[in-house]
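Shown next, in structure tokens, is the structure this report addresses.
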Amino acid sequence: SQQGEEDPQALSIQEGENATMNCSYKTSINNLQWYRQNSGRGLVHLILIRSNEREKHSGRLRVTLDTSKKSSSLLITASRAADTASYFCATEARGNAGGTSYGKLTFGQGTILTVHP
Amino acid sequence: DTEVTQTPKHLVMGMTNKKSLKCEQHMGHRAMYWYKQKAKKPPELMFVYSYEKLSINESVPSRFSPECPNSSLLNLHLHALQPEDSALYLCASSHWPQGADTGELFFGEGSRLTVL
């Protein structure tokens with residue numbers, strides 16, 4: 001089963017509003033990443049947060065990580081129509097002896113965000 | 001614009017055909033990946049190559065055969081596929097982990113495969 005589960009599955013908002021997406025996972029992780037995918041195209045990396053970090057910002061994006069609850073959230077502030085896309089969280093599980101799992105990312109089910117102009 | 005280039009963008013093949021998907025990156029990354037994505041589903045890892053050697057095979061059927069001829073190129077050879085193999089095939093690359101984690105993956109735009 002997928003490591004990451006996201007909610008909501010779909011989110012529809014007006015331009016200028018904030019969008020919040022949540023991700024839960026099951027095992028210990030080295031990091032959690034968020035990716036964006038426009039319809040039928042490749043994934044674009046948005047932000048990475050490591051297991052020893054609690055919050056990270058990048059432009060209009062804010063990511064939080066709560067390892068005790070095994071959950072993360074992605075906040076997009078002041079949304080734009082161009083933000084319309086699918087958003088996936090992806091976890092890199094902790095490997096043997098606490099090391100790397102060699103790039104093995106497991107993706108959540110994704111949230112489809114629609115921003116209406 | 002993505003720095004990982006995949007060709008072809010679209011491929012239609014019959015179940016008896018042999019075809020290949022190609023992926024190229026010039027970022028000096030030593031890790032390359034194949035992911036498969038069905039419609040409205042998340043990407044699923046198929047293979048990981050590190051320094052041109054296969055390091056992870058996620059129990060992928062042998063009708064999919066990966067190849068990494070050099071550090072910039074990654075191929076996926078397809079033979080005797082089934083209609084259920086129709087999907088978007090995504091190639092990605094990354095730095096090879098020096099510490100505990102790999103960091104971000106750079107994805108290509110994908111090759112959309114239809115098996116008739």
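In this text, all values refer to a predicted model and were calculated from it rather than measured experimentally. Quick note on labels: first sequence line is chain A, next is B, and so on, each numbered from 1.
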Worksheet item: Do B:Met13 and B:Lys18 have side-chain heavy atoms sitting under 4.5 Å apart?
Response: no

Worksheet entry | B:Leu88, part contacting chain A, at a heavy-atom distance under 4.5 Å | side chain

Worksheet, complete the sentence: Under 4.5 Å to a heavy atom of chain B? For A:Leu48 that would be side chain

Discussion item. Is it the case that atom CZ in B:Arg63 sees more than 12 heavy atoms from other parts of the structure closer than 6.0 Å?
Written reply: yes

Worksheet item: Are any side-chain N or O atoms of A:Thr77 and backbone N or O atoms of A:Arg60, one a donor and one an acceptor, separated by less than 3.5 Å?
Response: yes

Worksheet item: Do side-chain atoms of A:Lys26 reach the backbone of A:Lys70 as a donor and acceptor pair under 3.5 angstrom?
Response: no

Response to the item:
If you tally heavy-atom pairs under 4.5 Å between each of B:Ala92, B:Ala39, B:Gly103 and chain A, the highest tally belongs to B:Gly103

Worksheet item: Of the backbone (N, CA, C, O) and the side chain (C-beta and beyond), which part of B:Gln37 lies under 4.5 Å from a heavy atom of chain A, both, or neither?
Response: side chain

